[in-house]
Amino acid sequence: MISYPALTTDFEHESLEPAAVPLEADQICHALHLSQGISQPEQQWQVYLNALALGAVQTWLADRTPHLHVAPTHTPGDTRPINPMTASCLLDVGTFKLCILATGTLIDSVVSIPKATLEMFEAVPHLYVLVQVNEEQEECVVYGYLQQNSLMQHQSELLATEEEWAYEIPLSWVESDPDRLLLYLECLEPNTMMRILPQVETQPQTRVFGETQALTHLVQTATEQVINVGQWLQDQLDQTARELAWVLLPSLMPAAAMRSGNDEFTNVLQALGRGGLDIAPQARGAYHDLRWEGGAMRLYVVIWPLPAGETDAPEWALLSILGPQPGTPLPPGVGFQVYDADQMLVERTLTADSGAHYLYAQVIGTWDEQFWVTIQLPNQGAMQLPPFAFQP
Amino acid sequence: MILVPPKLFSPVVPYQVPSNTPMAPMEVPSHYWRLVRIDATSRLNSVPLPSAKAFLKHQVVDVQSRSDAGANVVGYPMADGLLQAHLAQLIPPSEDSSAPSISLAEGCLRCYISHQVEAACRQLEVRFGHEHGFSRHDLFPYVLDESYPLYPVHDRAEGGYQSLTADILASFDPSRASLSTWVTRRVRHHRDLNRFLLEHGVYLVSDWAILNDTTPKQLRRIFAEFHRLSPSEIQSAVDLLQSYHAVYRRDRILHRQSGGASSCLPPTPEQLQRMVQQLPAYHPLQQHSHEILGQLQAIATYLRQYRIHMRGGMASMESLDRPEVGATVTALPMSPLEADADEGVSEFLQFYRQQLQQCLDHAISEVIEQRVQRLQRRKHNTAPQFLKALYLFHCRGQSMGAIATAVGLDQQYQVSRLLKLKELRADIRRRLLQLLCDRIRAKAKLYASPERLSQLDHHLEIVLDEQIGQLIDAAEAEASTAQTQTPASLLTQRLCRHLENRGDIQ
């Protein structure tokens, strides 16, 4: 028998949430009907809450962002094999895929994420949206959201808590700002929340049809051409760089040569150095000329290893500089982005009134990390370069 | 019928009060001989009971004389718990039906309880009354239902009326809480009182809803980590929760499908019976099945306490009357982007400040129109009320309470619900960002990442909330007549201009 709790006079009453979304009678009806079809009793209530939450989010979006197209990902006639628990919480909003996480009246410090949304390629959402369902009062509150790539940054912690059909994550990972979610849905492209493909399970029982796509992606990245900038430290260009007509620049040492040099590259580096950028003396650089129908420009890439200090893993720095080819100015609207394997790290664009002649950005990573640079052209086109790796 | 758990409690046991508790020789606290009640006109009275007072004086002396020698300190009031325990002992047991009228000891306790009932109502008023439009006087009729003269607790014909106060006394168990705590809880959980509160936007989630929404896994974790119950208690609770789910949740879905009401009712005896049947054979409740309701309520109370703890960590009450003044506009939020990113953002904003007002006016107009159309399509068209309330708030600087009266709503919180100001401002900002983006294509890349977009939104929020004097010329500031004490923000000023230019606000 359970011992009776000591009683307190803490206030148990709450104000009804003004921002709560009321549930419509037909939404409740549909949710009840859906749950009736669930044979597993433990899942029945969760599916009921999921369906209520899904309906509430649709109402909420219709109110706040009426121009976005919103529809459940899975309709009754859908023949794609998917767990009904997961199917009841997926929503397409514009070009985004959302997964609705429904909780009830118990405010808890952990939130459950359905495993299937991370194991099935087609079900991987861009955003998880946490909704508190008050079934008794027939209303819901949109609490906040979690980006899928943010979730995957904690991937190792995630697997440690796996159990049954869901992972559990701390509530603190969820951003409690539903207005911000609306902002993203209306103003961003889904690829800015690039979905990270999760590690594919190897146990047979979890093999699902999405695996082929996941494998294809892995194969592609494995055989992609890579420029090994580590070889530049030995005064060499690897085959990929040579084939793409990269030009290796002479060493920056001795320092005397750097000070007296009037070549463009050293001028730029000196300016950056005066601006506070700390470039190691043993850094090496190379450049690559780019040409498109509107003009030409030059991409410099400077690399150097970082002294192994506080961190265990040694690191390297990649400095990208986008500048004009001698004689022609850099047109406004050009820019570049630097990505690592997961997401965009940095972005630079030349504006009409900025007066700058160069755009630059520096990133740092461990020796097993690669970086991708994409050039933005003023005509909205883009050039994707092979990734840079550091394997001296 | 007043809901009480089955009477498991042992008879009233005197408190073990520390022996050096000071007591006053002649102090007779009026809480124990004045009865708080409402009269026929619903006015609050405090009725003196002289016989109770005399009785009490005698009792205090009696208790005093039995205390330890070193404890007498003149001027200190007697410890409540000691006096209550003493009085409780003096109430004749229910078997003694020869007692013609209520015992004086019981009368004293019921006086005390009536004061606590009044205090509980006052607390609810302090916490919720202003925002939700009620006073303690609205609550009194539900819970201050004591008759005068008092009927004894034990004098109860089948189906006869028993006041809440009497019921509280009958159910009190000192091992669970002090009497004042018990009274407060009984008042707050009073069924009809809560129906009134719900009508005014104050909600008490039911035990049964909490039990519905808790999984066995959650229960295990919360009971182990937060409440630190023993493994056998936890297992007992989990088994009980599962059998509750198997019966109550399944019934509820069927009940709701056939159009049943949404409020969760307590389980019926028949449901409780079925739950017992679902329990494993070894479960302790198999031997004490009459305690199942109390045990379920105990689980719910534990979960409720956890819920309050969690809510306390998440709560943030915004001032509703003047959110722009109330909002703390702190330093620019620094996200971990390089310094250049910040430059790019402020450069963007500077470049578009002249465009800002135009785009802002468009955004305001569109968002308000969108909201009006949504409201017009609803069953009760609240669009005219919405516009009027919005106007009174931004252009006349009226309080939520005054606006409620002006637009024909009962309570302040209904105005908050109607206006949804925080959402309105977020929608305007969002539309503004889209319009600014459309205007100048080259800037479109600034919206490419969530981090950059968030930063822009933050900056915009600050720009729109900025005091006017910082944003436009001093001359212009003098020309604009501020209706309120504090200068209005840019957003308020433009919103007001838009509303005044509409033709359709009465």
Side-chain angles (χ1 to χ4, degrees), chain A residues 1-16 18-19 28 32-33 35-36 41-42 44-45 48-49 63-64 66 103-109 134-138 147 163 176 179-180 182-184 186-189 192-193 332-333 335 344 346-347 349 351-354 376, chain B residues 127-128 131 176-177 181-182 184-185 188 197 201-206 209-210 212-214 218 229 233 236-237 246 249-250 253 256-257 262-264 284 295 298-299 301-305 307-308 310-311 370 374 413 416-417 420 423 426-427 430 433-434 442 445 447-450 453-454 457:
Chain A
M1 299 284 277
I2 308 150
S3 54
Y4 288 89
L7 300 175
T8 68
T9 52
D10 293 330
F11 264 102
E12 296 161 335
H13 284 82
E14 325 167 73
S15 295
L16 282 176
I28 298 173
L32 288 165
H33 179 72
S35 67
Q36 285 283 58
E42 300 83 45
Q44 190 190 45
W45 190 258
Y48 175 46
L49 294 184
D63 262 342
R64 306 285 301 278
T103 64
T105 51
L106 183 74
I107 303 170
D108 199 4
S109 57
N134 193 331
E135 191 261 338
E136 197 180 30
Q137 290 299 315
E138 297 178 342
Q147 288 172 225
E163 228 178 300
S176 60
D179 293 335
R180 184 58 43 83
L182 293 174
L183 187 63
Y184 291 170
E186 278 201 314
C187 298
L188 289 178
E189 294 296 314
T192 58
M193 305 205 176
M344 181 169 73
V346 98
E347 186 188 25
T349 312
T351 60
D353 60 334
S354 84
Q376 289 297 132
Chain B
R127 177 86 171 209
F128 295 109
E131 193 186 313
R176 292 204 59 196
T181 299
W182 184 241
T184 305
R185 290 187 60 83
R188 288 186 190 164
L197 288 175
V202 180
Y203 167 61
L204 178 69
V205 60
S206 72
I210 295 179
N212 280 342
D213 291 336
T214 305
Q218 282 175 314
L229 296 179
E233 281 176 304
S236 176
R249 287 202 311 201
R250 194 162 276 273
I253 289 188
R256 298 284 279 133
Q257 265 196 320
S262 69
S263 263
C264 282
Q295 289 282 289
I299 296 176
T301 305
Y302 278 117
L303 291 172
R304 225 185 250 287
Q305 290 177 351
R307 201 170 168 273
I308 289 172
M310 281 301 299
R311 202 175 68 221
Q370 181 181 308
R374 268 312 269 198
Y413 93 98
S416 315
R417 267 204 129 132
K420 293 206 184 69
E423 287 75 21
D427 288 349
R430 200 170 66 247
L433 278 171
Q434 286 176 314
K445 288 299 175 291
Y447 296 164
S449 76
L453 190 56
S454 296
D457 191 42

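Every chain is numbered from 1 and lettered A, B, ... according to where its sequence line falls, protein lines coming before strand lines.
Both the backbone and the side chain of B:R256 come within contact range of chain A, judged by heavy atoms closer than 4.5 Å. In this structure, the portions of A:E14 lying under 4.5 Å from any heavy atom of chain B include both its backbone and its side chain. Using a 4.5 Å cut-off between heavy atoms, B:Q370 contacts chain A through its side chain alone, with no backbone atom that close. Within the 4.5 angstrom heavy-atom criterion, no atom of A:T103 approaches chain B. In this structure, chain A has a heavy atom under 4.5 Å from the side chain of B:L229, while its backbone stays farther away. Heavy atoms closer than 4.5 Å to chain A are found in the side chain of B:T184, but not in its backbone.
Residues forming a side-chain contact (heavy atoms from CB on, under 4.5 Å) with B:A246 (at least two apart in sequence, or on another chain): B:Q278.
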Verify side-chain contact (heavy atoms from CB on, under 4.5 Å) between A:S109 and B:M310, making sure each step is shown before the conclusion.
-> CA-CA 7 Å; A:S109 57; B:M310 281 301 299; 3.8 Å; yes
Given B:D427 and A:R64, is the side-chain contact (heavy atoms from CB on, under 4.5 Å) satisfied, shown in steps?
-> CA-CA 7 Å; B:D427 288 349; A:R64 306 285 301 278; 2.7 Å; yes
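Once rounded to the nearest 0.5 Å, the distance linking CG of A:L106 with OG1 of B:T214 reads 4.0 Å.
Residue A:E12 forms a salt bridge (charged side-chain N to carboxylate O under 4.0 Å, His left out) with just one option from B:R311, B:R185, B:R188, and that option is B:R185.
A donor-acceptor contact closer than 3.5 angstrom is absent between the side chains of B:Q305 and A:T8.
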